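Just so it is clear, the structure is predicted and the values come from calculations on it, not from any experiment.
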There are 2 protein chains.
Amino acid sequence: MMKFSARSAGPALKPSLDTPARPAGGRTRQANEARILEAAEAVFAEAGFTGASMQAIAERAGLPKANLHYYFGTKELLYRTLLGRILDMWVDAFDHITPDRDPAEAIAAYITDKMRWSRTRPLASKVFANEVIHGAQQIEGYLSGKLRQIVAEKAAVIDGWVAEGRMAPVDPVHLFFTLWATTQTYADFEVQVRAVLARDRLTESDFDHATDQILRLMLRGCGLEVPHTVPDGR
Amino acid sequence: MMKFSARSAGPALKPSLDTPARPAGGRTRQANEARILEAAEAVFAEAGFTGASMQAIAERAGLPKANLHYYFGTKELLYRTLLGRILDMWVDAFDHITPDRDPAEAIAAYITDKMRWSRTRPLASKVFANEVIHGAQQIEGYLSGKLRQIVAEKAAVIDGWVAEGRMAPVDPVHLFFTLWATTQTYADFEVQVRAVLARDRLTESDFDHATDQILRLMLRGCGLEVPHTVPDGR
DNA sequence: AAAAATTTTGACCAATCGGTCAGGATATAG
DNA sequence: CTATATCCTGACCGATTGGTCAAAATTTTT
């Protein structure tokens, strides 16, 4: 009698997105967990952890509340599972930063990728932002473990570019802080952006223009020029 | 019998910080309201609106819960009063952006000012960030009213600088979005910054270094050079 | 078809929530 | 000193919270 999903505290590894080797759980379980996680993302993004109620998540998922507890045990475990999935997406954009690549193209691809993420998954971004703002108690280990490690690794790449004179001298770590903040603000602070721009919603064209402006500002700030070939994010 | 403070929904005007003309309320009221607001800022920053309990705020202020309701009526009114005070600080930094000033110095002063705000009032920044992330229902009017107006006004100043060829062509509104995000991230996402930098706390020297890096990146991004005279924030 | 495992669900629980209120305590004004 | 306004606070309220559980329904395995 396996009470909770074996994937609840699963590894923070990139899952193979094509035919999964093992669905891990029956079809019913898989489908319901997905529905619950999707509803949870929306409710946690709207109301934060404490503001979100299991009842609200249940209604959004179209399932009775007791069903959520059957699959995830507690509210905290559901929240942690959701956070784990979001963190996996978080680090993917770093793949663009490699020593062999042209600095301008690599950084442009990174920015473009993070902006697309803000446009397509704003709810996930908000859940993450809310978690960090309120102390990041659930992901402390991730921040000072995996994230710190990968930042150090990619910072070394940028330091290499600087040493080779291929870009202006910048502190790569603070550059990352700036890139994260700048791109994610279009998801997390979307309401403020809309209010100032007097838009009732942000269109794809709005995001394209914002991405263009960020690219110019940041690349010029790094002593680089916007590459003519608009880099594809993925 | 004046039940609630007359200042509860007070004007969003800069209060004269020197000898206040009218304390508005007895000494006891003034002192207790200040204690409650200070405690509320900390608790709301830590837990968000729904996560914060009146009981927790009361304990932090060293007062019985019923006392908070005596002064502020409801949790929402207390929250709105706090938000109002924070918003007043928010717009002050815009004062640096004036047509007659040197673009590099003006923008540098703006950045320096907002970074000092992140260092000295991180709790206020978190309360504001949390409010915006979760829909900004309490400050919708402010965002699409006063804020939009002042941004338009200051954007015109920057457009003027661009037209005069005194800086690179940028969309001023998105420049502001970037400056807000970049500076506030050191308050709102402080936990993440600390984790990546492997610091148990951010020192004044950490903030000075961060400010320096942001100045270089942003000013160069605007086609400007960091002014030798480090501009004073106020 | 029988058996075993999994899934579903309403009813229920203790704890906490924001808010109320009466009446005593204290401070201020005349 | 008296009177009036302000301040204080323990006790209490209905509503909502996360979580439990047993028993029925369903699916999967044998």
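Distance, B:Glu33 CD to D:dC8 P: 11 Å, rounded to whole Å. Remark: C1' of C:dT8 and CZ of A:Arg35 are 13 Å apart, rounded to the nearest angstrom. Taking atom CD1 on B:Ile36 and atom C1' on D:dC8, their separation rounds to 12 Å, with Å as the unit.
Dashed line: the shortest gap from a side-chain N or O of B:Tyr71 to OP1 or OP2 of D:dC8 is under 4.0 Å. OP1 or OP2 of D:dC8 sits under 4.0 Å from a side-chain N or O of B:Asn32. Contact annotation: A:Arg29 side-chain N/O to C:dT6 OP1/OP2 distance is not under 4.0 Å.
Listed by chain and residue number, A:Glu41 satisfy the salt bridge (charged side-chain N to carboxylate O under 4.0 Å, His left out) test with A:Arg121 (two or more places apart in sequence, or in another chain). For A:Thr182, the side-chain contact (heavy atoms from CB on, under 4.5 Å) partners are A:Thr178, A:Ile214, A:Met218, B:Thr178, B:Thr182, not counting sequence neighbours. B:Thr120 meets the side-chain contact (heavy atoms from CB on, under 4.5 Å) test with B:Arg116; sequence neighbours excluded. Qualifying side-chain contact (heavy atoms from CB on, under 4.5 Å) partners for B:Ile86, counting only residues two or more places apart in sequence or in other chains: B:Leu82, B:Trp117, B:Ala124, B:Val127, B:Phe128. The salt bridge (charged side-chain N to carboxylate O under 4.0 Å, His left out) check on B:Arg199 picks up B:Asp206, with sequence neighbours excluded. For B:Arg194, the side chain to side chain donor-acceptor pair (under 3.5 Å) partners are B:Glu190, not counting sequence neighbours.
Considering all non-hydrogen atoms of both residues, B:Val191 and A:Ala136 come closest at CG1-CB, 4.0 Å.
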Could you go through residues 52-66 of chain A and list every donor-acceptor pair under 3.5 Å that involves a side-chain atom there, pairing it with any protein atom two or more places apart or in another chain?
{"from": "A:Ser53", "atom 1": "OG", "to": "A:Ala56", "atom 2": "N", "distance (Å)": "3.0"}
{"from": "A:Gln55", "atom 1": "NE2", "to": "A:Glu59", "atom 2": "OE2", "distance (Å)": "3.1"}

When you compare the protein's N or O atoms with those of nucleotides 9-18 of chain D, which come within less than 3.5 Å of each other, and at what distance?
{"from": "D:dG18", "atom 1": "OP1", "to": "A:Ala52", "atom 2": "O", "distance (Å)": "3.0"}
{"from": "D:dG18", "atom 1": "OP1", "to": "A:Lys75", "atom 2": "NZ", "distance (Å)": "3.0"}
{"from": "D:dG18", "atom 1": "OP2", "to": "A:Met54", "atom 2": "N", "distance (Å)": "3.0"}
{"from": "D:dG18", "atom 1": "N7", "to": "A:Lys65", "atom 2": "NZ", "distance (Å)": "3.3"}

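Helix bend of the helix from C:dA1-D:dT30 to C:dG30-D:dC1: the angle between its two end axes, each built from five pairs, comes to 20° after rounding to 10°.
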